[in-house]
> 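Submitted below is the structure of interest, expressed as structure tokens.
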2 protein chains.
Amino acid sequence: MARRRQSVTIKHVAADAGVSLQTVSRVINDGPNVRPEMKERVQASIDKLGYVPSIAAQRMSGSRSYLILALNDRERTLEEWEARQGSDWVNQMLLGGMLTANQHGYRMMVELVDTHNDHVERELGAAIAALQPDGVILTPPHSENVLIADLLSGMGIPFARIGSLDEGPGIAMTMDDEGNARKATEHLIGLGHTAIGFIAGPSDYSLSAWRVEGWRKAMETAGLSTERLLASGDFGYDSGLNAAQDLLNETPRPTAIIASSDQMTLATLEVARNRGIAVPADLSLISFDNTPIVNFTDPPLTAVDQPIAKTTSRAVELLIEASRKGVRPDAPVNVSGKLVQRASTAPPRHHDNT
Amino acid sequence: MARRRQSVTIKHVAADAGVSLQTVSRVINDGPNVRPEMKERVQASIDKLGYVPSIAAQRMSGSRSYLILALNDRERTLEEWEARQGSDWVNQMLLGGMLTANQHGYRMMVELVDTHNDHVERELGAAIAALQPDGVILTPPHSENVLIADLLSGMGIPFARIGSLDEGPGIAMTMDDEGNARKATEHLIGLGHTAIGFIAGPSDYSLSAWRVEGWRKAMETAGLSTERLLASGDFGYDSGLNAAQDLLNETPRPTAIIASSDQMTLATLEVARNRGIAVPADLSLISFDNTPIVNFTDPPLTAVDQPIAKTTSRAVELLIEASRKGVRPDAPVNVSGKLVQRASTAPPRHHDNT
DNA sequence: GTGAAAGCGCTAACAT
DNA sequence: ATGTTAGCGCTTTCAC
């Protein structure tokens, strides 16, 4: 294959504008010490020649790579992808992050890394060495992996931890799990429910506990008991089946259930259907995630929307700032989600709802 | 922010192994002229030091960038993303391509480019200049954009055109649209249907015509008329509504409809529901795309699965080969999809099905 | 304010 | 079979 060299380089621009390379570089990077007049002339040449700096060369000379790396868990991502159950996490992350990155002249790349692998260090190191990103976005469960945090921190690469409130290096970010769980619970309480079950996510995700916390607090505030109303799963469908069975076997039966993922809510819906429990007449359901499929279930599910795109977008902004100015927020960054009301919630039967 | 330099470079390896830079380079690139013994020694140092070549530096010195760029239409991609109708095209492309790229030591990036913009040339040129990809994957409608093809071809960058059979530079690829439409039609014919309607996609996509062709040929082969059985839309839901109305207004009414996208099929389902036409008892439906949502409709839709991941994966392989050896397939590459049978197809009512 | 020189990490071309 | 030399396109010193 023919060797491809940059067609128009900084040299061409410099020659065209009749200035030194350095001046052109200053204009590109918005550096100081350029007279407006000079700047204009150079910019004119740039536009005329259609010059675009080579990222590789910029990286080489020790400056930015204009690259943000989003790290996802390989196993989980591939599982979700193969299942084709409509999870659009990667999609939301990619597009949300990409658009914001592009606005700042950056690009975003997605990379899969094994968590449970002894070679995290190698895999991650390789990705960093090869790509030299200006910032890294960590998603659960990577965001709570201390080894990864230490590695990144040691290399001086800014990173954001989505779904982690741990102290330590990196920018901690959440999607307001506790608040959202509270909102969901309060919505059901407002409808008149008093026995509201909760299906938690796996305990190795901090956000699982946060959500439980939100539910528990809302219940307590309303003077309601949470006794025998908590079950848990691993976010997957099958685990949701079990959790739903458990909850619906209780007496008295909960009149509403909040589940920590769409898949587990789908499972709950299925269990209810099999037992002849009508949703929402006999059982109200609120889901977490709000992936596209919850629009198409029968009934469509009321769900807590996880603002993945918005969070990723914010992460990109914070990372760019961190890499340029060396600053990071002094407190965890919280991006709020919202409750999307659909048809799976209603007042409980035989209840005097005011 | 502290200036980050590569922590371990080719120099360190060379020093550690007591050889020249060039020898290390040869080992990395599997070059000729290295004694196995030497190679082993160098490899040992590489492993020991955890060395990974910087792709920026590799790019700089005129070799590969190890980067494959996937170009999508900005407008369409963003529309689909915002609608959150469960389209997972980007997801499928990214993961399908990424995994294969990774296996070869390459990375894949997604980039959005405006089609209907006068600045395609600028936008594309900028992306290429900045990234210097070793190969580019074009999806519809970019894959049929002559300007883009010429640009890429002029720069000597290998590219694949997914959904295009045009002659000219680049690797033409299809997902067997004609064959899939034929299969779908034959399936319905096999069930006993004789009046099978077809909702085509927009005419500026070649694949729209290919699908119509597949349907038409299957009908003709079976000796069935296609008169008044063809409508068309733009892949979107609203256009599907109109197309379905038209088709279902005909007398005699078709007993089956194939629509060229999930959204249009969903619309057809809705129109049928509103008119009290039962699916599949009174009307069989086959969809194109097979996005996750078709599992959750009532009834779940029989659909032609578009092998996006597989096609992208194949494209990556072909591009890597093209960039290394300068060869490309001498005929269009066809990646076959399959018909996924669900509950929206059945024999027509009052029909003697054998 | 602007320019000239040095070098980033790597590979192609040319020695040896 | 291996080493040496000269850049790639750009940014960082450091002069002027």
Side-chain angles (χ1 to χ4, degrees), chain A residues 1-42 46 49 51-67 105 128-132 134 323-324, chain B residues 1-42 45-46 49 51-67 105 128-132 134 324:
Chain A
M1 212 59 211
R3 190 109 100 2
R4 270 175 293 102
R5 300 241 94 107
Q6 196 90 341
S7 45
V8 30
T9 74
I10 198 170
K11 278 189 191 168
H12 300 109
V13 177
D16 184 85
V19 298
S20 73
L21 301 186
Q22 187 43 35
T23 304
V24 179
S25 174
R26 285 189 182 106
V27 172
I28 297 168
N29 298 291
D30 223 359
N33 298 343
V34 257
R35 268 180 313 177
E37 164 196 337
M38 189 86 268
K39 180 167 177 169
E40 225 169 281
R41 197 165 93 210
V42 173
I46 291 179
L49 302 176
Y51 166 72
V52 180
S54 150
I55 290 196
Q58 294 190 128
R59 226 331 287 140
M60 275 303 299
S61 49
S63 84
R64 302 174 197 100
S65 64
Y66 294 99
L67 230 187
I128 302 292
L131 264 15
Q132 302 272 64
D134 286 341
S323 90
R324 304 182 90 111
Chain B
M1 212 59 208
R3 191 108 101 359
R4 268 176 294 105
R5 300 242 95 105
Q6 195 91 342
S7 44
V8 30
T9 74
I10 198 171
K11 277 189 190 167
H12 300 109
V13 177
D16 185 85
V19 299
S20 74
L21 301 186
Q22 188 46 250
T23 304
V24 179
S25 174
R26 287 200 257 263
V27 172
I28 298 168
N29 297 292
D30 224 358
N33 298 343
V34 257
R35 268 181 315 177
E37 163 197 339
M38 189 85 268
K39 180 166 175 166
E40 226 170 280
R41 197 166 95 211
V42 172
S45 291
I46 290 178
L49 302 176
Y51 165 72
V52 179
S54 148
I55 67 164
Q58 296 190 127
R59 228 325 291 143
M60 276 304 298
S61 50
S63 84
R64 302 175 197 99
S65 65
Y66 293 99
L67 229 188
I128 302 292
L131 265 15
Q132 303 270 63
D134 286 341
R324 302 181 92 111

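The sequence lines fix the lettering, A, B, ..., with proteins before strands; numbering per chain opens at 1. For clarity, every value in this text was computed on a predicted model and none was experimentally measured.
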> Measuring from A/M60:CE to A/S54:OG, what's the distance to the nearest 0.5 Å?
10.0 Å
> Report yes if a side-chain nitrogen or oxygen of A/K11 is closer than 4.0 Å to either non-bridging phosphate oxygen (OP1 or OP2) of D/dC10; otherwise report no.
no
> Specify the separation, in whole Å, of atom OH of B/Y51 and atom C1' of C/dC10.
7 Å
> Under 4.0 Å from OP1 or OP2 of D/dG3: is there any side-chain N or O of B/T23 that close?
yes
> Counting side-chain heavy atoms from CB outward, which of C/dG7, C/dG9, D/dT2 is closest to A/S61?
C/dG7
> Can you see if the side chain of A/S25 gets near the phosphate of D/dC10 - specifically, an N or O under 4.0 Å from OP1 or OP2?
no
> Can you tell me how far CD1 of B/I55 sits from CG of A/L67, rounded to the nearest 0.5 angstrom?
7.5 Å
> Considering non-hydrogen atoms only, spot the tightest contact between A/D134 and A/S323 and give its length.
O-CB, 3.5 Å
> Pairs under 3.5 angstrom only: tabulate donor-acceptor contacts from the side chains of residues 12-23 of chain A to other protein residues two or more places apart or in another chain.
residue, atom, partner, partner atom, Å
A/H12, ND1, A/T9, N, 2.7
A/H12, ND1, A/T9, OG1, 3.3
A/D16, OD1, A/K48, NZ, 2.9
A/D16, OD2, A/S45, OG, 2.6
A/D16, OD2, A/K48, NZ, 3.3
A/S20, OG, A/Q22, N, 3.4
A/S20, OG, A/T23, N, 3.3
A/S20, OG, A/T23, OG1, 3.2

> Taking only N and O in the side chain of A/Q22, is any of them less than 4.0 Å away from OP1 or OP2 of C/dT2?
no
> Near DNA chain D, counting only heavy atoms under 4.0 Å, which residues of residues 12-20 of chain B show up?
B/V19, B/S20
> Rounding to an integer number of Å, can you tell me how far B/D134 CG sits from C/dT11 C1'?
14 Å
> Specify the separation, in whole Å, of atom CZ of A/R41 and atom C1' of C/dG1.
13 Å
> Give one of base, sugar-phosphate or nothing for B/P32, where a contact means two heavy atoms less than 4.0 Å apart.
nothing
> Through what angle, rounded to 10 degrees, does the axis of the helix from C/dG1-D/dC16 to C/dT16-D/dA1 turn between its ends, using five pairs per end?
40°
> With sequence neighbours left out, what residues match A/K39 under salt bridge (Lys or Arg N to Asp or Glu O under 4.0 Å)?
A/D30
> Taking all non-hydrogen atoms of both residues into account, name the closest pair between B/Q132 and B/S65 and its distance.
O-OG, 2.6 Å
> Under 4.0 Å between a side-chain N or O of A/Y66 and OP1 or OP2 of D/dC10?
no
> Roughly how many Å is it from CG in B/N29 to C1' in D/dA1, rounded to a whole number?
17 Å
> Roughly how far, to the nearest 0.5 Å, is the CG atom of A/L49 from the CD1 atom of A/I10?
12.0 Å
> Return the value, rounded to whole Å, for the distance between atom CZ of A/R324 and atom P of D/dT11.
12 Å
> Go through C/dC10, C/dT2, C/dC8 for me and flag the one nearest to the A/M60 side chain.
C/dC8
> Hey, which of these two, B/A57 or B/R26, hits DNA chain C nearer its 5' end, going by closest nucleotide?
B/A57
> Rounded off to whole Å, could you give me the CD-to-C1' distance for the B/Q58 and C/dA12 pair?
14 Å
> Which whole-number value in Å describes the distance from B/Q132 CD to C/dC10 P?
18 Å
> May I ask you to verify if any side-chain N or O of B/R59 is less than 4.0 angstrom from the OP1 or OP2 atom of D/dC8?
no
> Taking side chain to side chain donor-acceptor pair (under 3.5 Å) as the test, write out the residues that go with A/R64, two or more places apart.
A/Y66
> Please give, in whole Å, the distance from D/dG9 C1' to A/L21 CG?
9 Å
